[in-house]
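The structure appears below as structure tokens.
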Amino acid sequence: SSKELEVILLLALMHSHQTSVFGACLPEEIDDSVADTRMLRMVCGISGLELSQLMDEDREIVKEGILIVKEDDFSSRRTTWLSTEACEVLLRGLQPASDSSRART
């Protein structure tokens, strides 16, 4: 859905931004590198049900390790992020990685 796409794009931005400006755009209480469900719902306007469906462990995007979902052992809080490889593909396309980007990973 379009809301799921917004979530994925936001996760890519959160993973790859290099300035404090982007982090300053997020609500104060939000860590700008890992997204919890509350933040994704607030920023993307996605419902809890839609978000649960996106994060379902049976979804291909989760099974393949593109979307990483971790449930906190001590609360019902779930954090979500995109794999580094998925972010690179979203930002660079399917072009071969340059030598400098390979050296960073």
Side-chain angles (χ1 to χ4, degrees):
S1 76
S2 64
K3 298 275 186 195
E4 290 179 347
L5 179 59
E6 286 181 33
V7 168
I8 290 169
L9 292 174
L10 176 61
L11 291 171
L13 285 170
M14 290 175 68
H15 181 81
S16 60
H17 78 278
Q18 297 181 359
T19 67
S20 58
V21 174
F22 180 81
C25 294
L26 295 172
E28 253 178 56
E29 67 274 7
I30 302 299
D31 174 356
D32 67 347
S33 60
V34 176
D36 67 7
T37 54
R38 183 176 55 93
M39 189 279 287
L40 292 172
R41 290 179 62 198
M42 182 180 7
V43 174
C44 297
I46 192 169
S47 72
L49 179 60
E50 289 173 302
L51 198 52
S52 291
Q53 290 172 343
L54 175 65
M55 296 176 172
D56 189 313
E57 63 187 23
D58 291 330
R59 290 280 300 259
E60 205 61 35
I61 195 170
V62 176
K63 282 183 184 178
E64 295 291 328
I66 296 167
L67 182 67
I68 301 161
V69 180
K70 182 175 185 242
E71 216 158 314
D72 189 335
D73 294 335
F74 303 105
S75 71
S76 60
R77 182 176 175 214
R78 294 164 83 180
T79 53
T80 309
W81 61 95
L82 283 181
S83 68
T84 301
E85 297 81 7
C87 288
E88 286 181 10
V89 168
L90 282 171
L91 297 171
R92 280 189 304 101
L94 295 174
Q95 305 163 5
S98 67
D99 291 336
S100 63
S101 67
R102 275 191 223 126
R104 286 185 274 154
T105 57

Under 4.5 Å between any side-chain heavy atoms of [X] and [Y], yes or no?
{"X": "Thr80", "Y": "Leu51", "answer": "no"}
{"X": "Leu82", "Y": "Ile68", "answer": "no"}
{"X": "Glu6", "Y": "Ile46", "answer": "no"}
{"X": "Val7", "Y": "Lys3", "answer": "no"}

Exercise. Closest heavy-atom contact between Arg41 and Ser47?
Worked result: NE-C, 4.0 Å
Exercise. Can you name the closest pair of heavy atoms from Ala12 and Cys87 and give their distance?
Worked result: CA-SG, 3.8 Å
For this session: Give, for atom OG of Ser83 and atom CG of Leu11, the distance between the pair rounded to the nearest 0.5 Å.
Result: 10.5 Å
Problem set entry | Test side-chain contact (heavy atoms from CB on, under 4.5 Å) applied to Leu54 and Leu40, step by step | CA-CA 12 Å; Leu54 175 65; Leu40 292 172; over 6 Å; no
Seminar exercise, completed: Connected to Leu5, directly or through other members, by ILVMFWY side-chain contacts below 4.5 Å are Leu9
Problem set entry | side-chain hydrogen bond (donor to acceptor under 3.5 Å, both in side chains) partners of Ser52, counting only residues at least two apart | none
Problem set entry | Sequence neighbours excluded, every pair satisfying side chain to side chain donor-acceptor pair (under 3.5 Å) that has a member inside residues 55-67 | Glu4-Arg59
